[in-house]
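Report on the following structure.
As the structure is a computational prediction, the values presented were derived from the model and not from experiment. Just so we're on the same page: letters track the sequence lines, and every chain starts at 1. The basis for the numbers below is simple: all heavy atoms, side chains too, and nothing from hydrogens, waters or symmetry mates.
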Amino acid sequence: MSDYLVKVSGIVKKYGGHEVLKKVSFDLKPGEVHCIVGENGAGKSTLIKIISGAVHPDSGEIFIMGRKVRNLNPRLAIELGISTVYQDTEVVDTLSVAENIFLGSEVPSPIPIVVNRRYQNEQAKAILKSLGISIDPDIPVGELPLVYKQVVQIAKALFRQSKIIIFDEPTASLGLEETKALMEIIRSLKKRGMGIIYISHYLKEIFEIGDRVTVLKDGEYMGTYKVSEVDTEFLVRKMVGREVHLFYKRERVPIGEKLFEVKGLSKKELVENVSFEVRKGEIFGIGGLAGSGRTELVSLIFGILKPDAGEIYIEGRRYVPKTPIHAIRNGICMVPEDRKRMAMFLGRDIVENSVVIINELLKVAFLRKKEEMNMTRRLINELDIVTSGFSQLIEHLSGGNQQKVVMGRWLLDENAKVFIFDEPTKGVDVGARERIYQVMIELAKQGKAIIMVSSDMPELLSMSDRIGVMRKGKMVEILDNKDLSEEKLLRSFIGV
Amino acid sequence: KQLVYGYVTPGPDTWYRKDVEGFLYAAKLAGVKVVVLNSDYDVEKEISNIKTLVDMGVDGMCIFSFNPNGPFIAARETARAGIPLVVTDNVGQVLKAKEPVVAAIDFDWDAMGKNIAQYIAKHWPGENIAFIAGRLEHVPVQVFLKAFKAEVAKLGKNKIVAIRDGKYIPDEAVRQVQDLIESGYDFTVLHIFNEEMAAAVVRWLKSRNLLNNPIKITSQNGAPYGIALIKEGSIKYSISSSPGWEGFISFLALHAYVTGKIKKERQWILLPVTPVTEETINDKTKVVPWDVDPVWIELTKKYFPQYIGLIDALK
Amino acid sequence: MEGREKVVIEKSKRPFYSTQWFFLLVAEASLAIITGSINPRFFTLNNMVNILDQISVLGILASGMTLIILTGEIDISIGTNLGLVACVSAMLIKSEVPTFWIVMVALGLAVLNSMLVGISTIAFKAPSFIVSLGFLSVFRGTAFAITKGVFQTIYGKFETLGLTRLWGWFPLSFLIGLVIYIIVDFLLRFTRLGRHIYAVGSNSLAAFYSGISIAKTKLLVFFINGLLIGLASMILLSKIGAAQPTTGSGMELKAIGAVVIGGTALTGGRGNILGTFLGVLLMGIISNSLNMLRINPYFQEVVFGIFIIIALGVSVFSAYFKKG
Amino acid sequence: MEGREKVVIEKSKRPFYSTQWFFLLVAEASLAIITGSINPRFFTLNNMVNILDQISVLGILASGMTLIILTGEIDISIGTNLGLVACVSAMLIKSEVPTFWIVMVALGLAVLNSMLVGISTIAFKAPSFIVSLGFLSVFRGTAFAITKGVFQTIYGKFETLGLTRLWGWFPLSFLIGLVIYIIVDFLLRFTRLGRHIYAVGSNSLAAFYSGISIAKTKLLVFFINGLLIGLASMILLSKIGAAQPTTGSGMELKAIGAVVIGGTALTGGRGNILGTFLGVLLMGIISNSLNMLRINPYFQEVVFGIFIIIALGVSVFSAYFKKG
Ligand SMILES: Nc1ncnc2c1ncn2[C@@H]1O[C@H](COP(=O)(O)OP(=O)(O)OP(=O)(O)O)[C@@H](O)[C@H]1O
Ligand SMILES: Nc1ncnc2c1ncn2[C@@H]1O[C@H](COP(=O)(O)OP(=O)(O)OP(=O)(O)O)[C@@H](O)[C@H]1O
Ligand SMILES: [Mg+2]
Ligand SMILES: [Mg+2]
C-alpha cells in the first residue's frame, strides 16, 4: 500500500502523429485537491481521461491505490473508486435527472433486475439540494438548461462516495451560486480524506481550494508545486511562458453615438420589458445569476425567439428580428453559449467551421478555397488556435480552441455593427482569454457595439463600460462600471 | 336471389389483374355481383381477406394466392362456412386438401415445358439453351422447368447450359443475359419465362446486333406486348396463356357449381396450350387475347363443352 | 446563499392531449369512426378480432425493432431472418421432429442470426444498416438454398400458436403479442437494461463514461430481438401453414415504419413501446378500412399511403399543442 | 503572439492507405483479381463495359441519395418514384409525344414527387423515413392506377439514352452517370450549397444559428434528387424498353446500401461521392462476379451477402490503420 491514491508516470499519448502528452507524471494523495493547469490544448483533459479509463495511453504506468492497472476502462475506474466530471457535459437527454445520476450504477430494488426508482429519486434530490438547487428528479435532462446539466453531472460524481473525484472545468458553465456551493462541497470532501483532481482556467478557484498544482504545457510536464508557495504570476508564466494579467486592464476606447437600442422587449415568461442602449465603441455587459434570462434576451435580439413586444433600433433604424440570417444581414453577430449544440459542425474541419458565416454574407455560389485557407490562417494566428492542421476536425480540438474557432467565424464579418458574446471565454485559458479581450477591444475601437453576457465576475468588471443586471427576466438595473466591486455587483444580482 | 361472389387477388400486377377482369366479365354476363379484395402480397392480409369474405357470407369464392398454402386456408375456412371455392393458378396442389374444393383452374405448365423443348429440338437441333426463369421459388417456374429439363434430355437434341433467375424483373433479366454472354457461356437459344423480360432482352440484343445472330429467343404467355415482337420475328416462339380467359373459366367453374349445373368436386381444369408463332399470331383462337374479348366464349365452347349450357344462359 | 430563494425546477407535466401518442390515437379513432359509419360491419366483434389477429406478428417484430432502434441501430434483415427460420421449422415439422425441438431450433436459429448481425456490427464498427443488408441476402439465400426454392407446407400440423381462439373468439397470437408489449414496456421502464438502452442510443459517450458496456447492451438487445423474431416466425408459420424463402420479406419495412410512426427516433434514445403499439395498430386499421370502405382494390395502395401521410399530418397538431 | 512559436499549418492529408475508400478499392480489386483468375473473361473490355453499363442507373440514384443522406434525411420512395415516372414516360412515348416534352414531363414529375416528400417532411416535422414510406405507396399505387397494372412497352423507340455506345464501346449511360458524379462532387466540395448540406446534416441547430436556412437547403436537395431520379428513370426506360409499376422497386435499398458502404453516415454531415461511387461499383462487381464465377443461381444470393460482409470486414482495417 502506498500513500498515493493515484500515481501515473511516463504517460505518452499520440493522436495520429501528434503527441499530446509527452511523458507526463502525476500523483494524488488522500485528502488533497490537486489542480492541473495549462493552456487550451495542453493535454489536461487527455490526462484525466487516461486516469478515468476513457482513453488508453500509448505508454506509461498507472497505479491506483498502489495497484498497477492495465487496460483501465471507465467501468473499472468507477469500481476502483474514481468518479469523473468530464469537460463536455455528457448527459443522456432522454433519461430523467435521477436516472442520469445513477446511470451505470443503478440501485436494484427487491425485485430482481428492477431499478429502485423511489430510492434513486430521493437520493438525487438530496444530492442536488446540497448543491443548492431543487430539481424534480423526474425531469428529462434534455429539458434543462446547460447549467443544470452540468449540475447533474457533478451530482453524478458525488453520489458514489468514491475515493477520488476528478473535476474537468466543472465551473465553466456554472453560475456564481452553483460555483460557491461546489467549492463548499469540495472542501468537505477533502476533509473526509478523498482525493480530488481539479482542472480550471479560473486560477482564483485554484488558490481558493487547491493544495498542489501541476502545470502542463503543450503536453509536457512543467512541474508540481504547493499552492501556498506559488502565486498567479508564477503559474501563468509556467503555463503560457510570458506575463499575463489575471485581472485584465483594458484600454479605454472613446465612446461614440448611440448605435443599438432595445425598447420594452418582452417574451412571455422569459423576458420582461427590457430596455437598454449600446453606443459605438461601448462594451455593454449583461450580468445576472444563472437562469435570469440573459440568454433568452440575446436570443430575442438575434431572431432565434420571437418577441411578444418591444422594438429594436440599429443606427436609428427599426429592426424587427426574424431569423438569424436576417440578424446577420442587419449587422448583428452572436456567439452562442452552448458551442457544442449551437455552433460546432462535428465531423467537419476547422476551415469549414471558420468560414461558415462569411460565406453566408458574401453569398458566394462557388467557394474560394484559397481565400478560405487564408482567412482560417488569419484566425489561427490572431486567436492562437492550437491545431494540427486545416483538415483537423473541430471535435478533435481542445475545448478552448473549439471556442476560439466558433468565435473566430464572426470576426471575419467586417461589416457587422453589433456583437453579442454569450459567455465568450467559457473554458478558455488565461492567455487566450487575453487574446479574446484584445479582439473585443479591437472591435470597440472600430466603433462596433458590443454586448457581452457573462457569468464571470472579474470579466464583467474588467471589460464592461456599463453592466445591465438581469433578474428573473427583467433588467433591473444598469450600472456604470465605476467603483463597482464584486460584492456590490453580486448584491445587485441577488436583489438585496 | 342476387348472387354475390368473393374474389381474393394477390396484388395489382398485370397477370392477376387480367384474371380478375376475366372473372368480372363473366360475372357481368351472368348478372352476379363480385367483391374483389386485394392482399397486396401480404400473407396475413390474405388470410384476413378470406375471413372477411366468409363473414360477408358470399355465395362462392375464388382465390388466387401467391402463398402456396393460401388456398388450403381458404378451403378450410370456406368448408366450415359451406361456401364453394375455386382456386386459380395453384398447380393443382389444393386438390390434395382435406376439404374438397370445387375446382382448381390452371395452365398446363408441364405441357408448356414439354412443348417449348419440342419446338427447340425440332427447329434448332444441336444448339445450346440458356434459360432465364421468373422467380425460381415460384411454383409454375418449378413445374415448367422440371418438365422442360426432362424433355430436353429425352429428345437429346439440345443441351441446357445455364439457368438464371430473372426474378420477373426486365432489368435483372437483361443483366443476367449480359453476364451470361460475357462469361463465355456458349448458347444460341434463349428461353425467357415471360414476355416482359423477353422484350427488354430483345431490345438489348438488338442494340448489340446479337438478336437472331446467333441468339434466338423463345418466350411464353402470349401477352399483348409480346405479340408485336413475334410479328417482327424478334421472339421466335411463344405459348399463349391468357389470364383473362383463365379468370373467365374460373367463374364458370364456380358458377356451374353454385347454380347446381355441375355438382362435381375436386375438378382439375387445365387450359389448353396454344403455340404462338408468326403464322398463328393473328388468330385470336390460337393466341388467346389477354383483354376481355368475346372470343373467349367461342373458345370455351370449343375446349370446355361442359359449360355450353351455362354460356348460352348468359346474356 | 442567504437572501436568495433556491432555484426550483418542477416537472411540467405535459397534458395528455398534447402528446404524440394521443394524436395517433385520435387519428385511429377518427378513421375507425368514419369507416364504421360507412360500413357498420367494421365494428363487429369478428372484424375487430380480425384486425388484432392480423397485427400480432407485426407487433412482435416491431417490439424487437423498437429495442434495436432505441439503441441507435437498425436491423433490416428481420424479415428474411423470419423467413429462414420459418423454412427450417417447416422442414422440421414435415419430418415429424417433436414440437419442443422445433421451438428450440426456431428460437435458437433466430437468435443466432440476429446475434450475427449484432456481432458483425460491433466487430466491424460498421453501420448496422449495411451489415444487416448483407445478412438479409445471406438469410434469404440460405433459405433459398436449403429449400431449393420449393415451398414447405405443413398442412394440418402445428396449428395451436396461430389458430387458437381463446374463449372461442380471442386470438391466442394477439394475446402473445400483448404479453410481449407488456414485457418490453416493463423492460424499458423499470430495469437497468432499459436505462442502458436509452443511454446507449441517446448518448453513447455518456453511457461509456458511466461505465456501461455499449457492446454488451447492444448484443443483449440483438439477442432479445432474435427471440422475438423466432416467436413471430412460429406464429406466422402456424397461421399460414407454409413457408418459402420470401416469407417475411418486406416485414422489416413495415416494422420500422410502425416504430417510427409511433414516435421512436431513428437516431435512438427516444421512444416507447406504447407508440409502437399504436403505430402497428394504425397500419392494421388502415389496411382493414380499405376493404371495409370498399376502396377499389387497385387504388388501395395510393389510399394507404395517403392515410399514412394524413396520420403524420395530424401529429403536426401535437407539435402545435406542445408549443401553445 | 510573441513568445510562442507559430504552429505550421498545412492541409495535413491523411495518407491514402488509411482512408476508407482505399480499403473499399482494395476489396474490389481483390474480388476482381480472384474472379479474373478463375474466369479470365472477367477482364475483357466487353465485360468491364458491361459492369459500368449495369451500374449507371444505380449510380445516378445513389448520387442523389448521398445528398439526401448528407442532410440527415432519407428517401425510401425513390424506387417507386422512378417506377411511376417510367410508366408515365412510356405511356407518353407510346402516344408519340415529342421527345422534348417527354423529357420535360419525366423530369418535372420526378422533381414534383421528390419535392412532395421533402415538403411534407419539413411541414410535418416528421421523420423523412416514414413520410417517404407513405409516398412509396402513393407513387406505386398511382402507377398501378394509371397503367391499370398493364406493362407499357415502347418497342423500338427512345433508344438513344440507354443503348448508345460511344465509339462503339463506351456506354453513353455510364458517361452520363460519370458526369453526374463529377457534378455532385463539385457541388459538395466547391459550392456554398455543398457546405450547407454538410452543415445542416452535421448540426442543424448550429446551421440555423449561422444563418443557413435548413428548409431551403433540404428542399434544394430534394429538388436535385428529383432531377436525378427523372434522369435515371429515362435511362432505365430506354435500356429495358418497358415500364411497369414495380419497375425500380427495391432500388432504394440498393442505393442506400451503396451510399452507406461508401462511408456516408446515415446520421448526416459526413461522407462524399467518391465513396458512393465505390459502393456502387462494389455492388456491380459482386453481382457480375457471381455469374463470372458461375455460382449456382440457388447460391448467388448467399454469396452476394457474404461478399458484402467481407467487404465490410476489410474496411475494419481502415479503422485499424487510422489509429496506428
Ligand atoms: N480525439 C482526438 N483526436 C485528435 N486529437 C485530439 C483528440 N482529442 C484531443 N486531441 C488533441 O489533444 C490535445 C490536447 O487536448 P486536451 O483536450 O487534453 O486539452 P486540454 O488541456 O484539456 O485543453 P482545454 O483547456 O481547451 O480543455 C489538443 O491539441 C487536441 O487537439
Ligand atoms: N426556476 C426555474 N424554473 C424553470 N426553469 C428555469 C428556472 N431557472 C432557469 N430555468 C431555465 O433557464 C432558462 C433561463 O436560463 P438562461 O440560460 O436564459 O439564463 P442565463 O441568464 O443566460 O443564464 P446562463 O447563461 O448562465 O445559463 C429558462 O428558459 C428556463 O428554461
Ligand atoms: Mg480540456
Ligand atoms: Mg446563458
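- For A:Val114, the parts sitting under 4.5 Å from any heavy atom of chain C are the backbone and the side chain alike.
- Within a 6.0 Å sphere centred on NZ of A:Lys340, heavy atoms belonging to other residues, nucleotides or ligands number more than 12.
- Ranked by heavy-atom pairs shorter than 4.5 Å toward chain A, the options C:Phe186, C:Tyr198, C:Tyr209 are led by C:Tyr209.
- A heavy-atom distance below 4.5 Å is found between the side chains of C:Arg195 and A:Leu95.
- Atom CZ of A:Arg491 has 12 or fewer heavy atoms from other residues, nucleotides or ligands within 6.0 Å.
- Of all the heavy atoms in A:Arg75 and C:Ser210, the pair that sits closest is NH1-O, 4.4 Å.
- Of the atoms belonging to A:Leu103, heavy atoms from both backbone and side chain fall under 4.5 Å from chain C.
- A distance-only check finds no donor-acceptor pair linking the side chain of C:Asn203 to the backbone of A:Val92 [under 3.5 Å].
- Applying the side chain to side chain donor-acceptor pair (under 3.5 Å) test to A:Thr89 and every residue at least two apart in sequence or in another chain returns A:Gln150.
- Other residues, nucleotides and ligands place no more than 12 heavy atoms under 6.0 Å from the CZ atom of C:Arg270.
- Of all heavy-atom pairs between A:Ala54 and C:Phe208, the closest is O-CE2, 3.7 Å.
- Environment of NZ in A:Lys306: crowded, with over 12 heavy atoms of neighbouring residues, nucleotides or ligands closer than 6.0 Å.
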With a cut-off of 3.5 Å and sequence neighbours excluded, list every side-chain donor-acceptor pair involving residues 60-71 of chain C.
| residue | atom | partner | partner atom | Å |
| --- | --- | --- | --- | --- |
| C:Ser63 | OG | C:Gly59 | O | 2.9 |
| C:Thr66 | OG1 | C:Ala62 | O | 2.6 |
| C:Thr66 | OG1 | C:Thr276 | OG1 | 2.9 |
| C:Thr71 | OG1 | C:Ile68 | O | 2.7 |

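- Across all non-hydrogen atoms, the minimal contact from A:Gly104 to C:Ile212 is CA-CG1, 3.8 Å.
- The most heavy-atom pairs under 4.5 Å with chain C, out of A:Lys49, A:Glu99, A:Glu79, come from A:Glu99.
- Within 6.0 Å of the NZ atom in C:Lys254, the count of heavy atoms belonging to other residues, nucleotides or ligands does not exceed 12.
- Looking only at distances, a side-chain donor or acceptor of A:Thr94 sits under 3.5 Å from a matching main-chain atom of C:Gly269.
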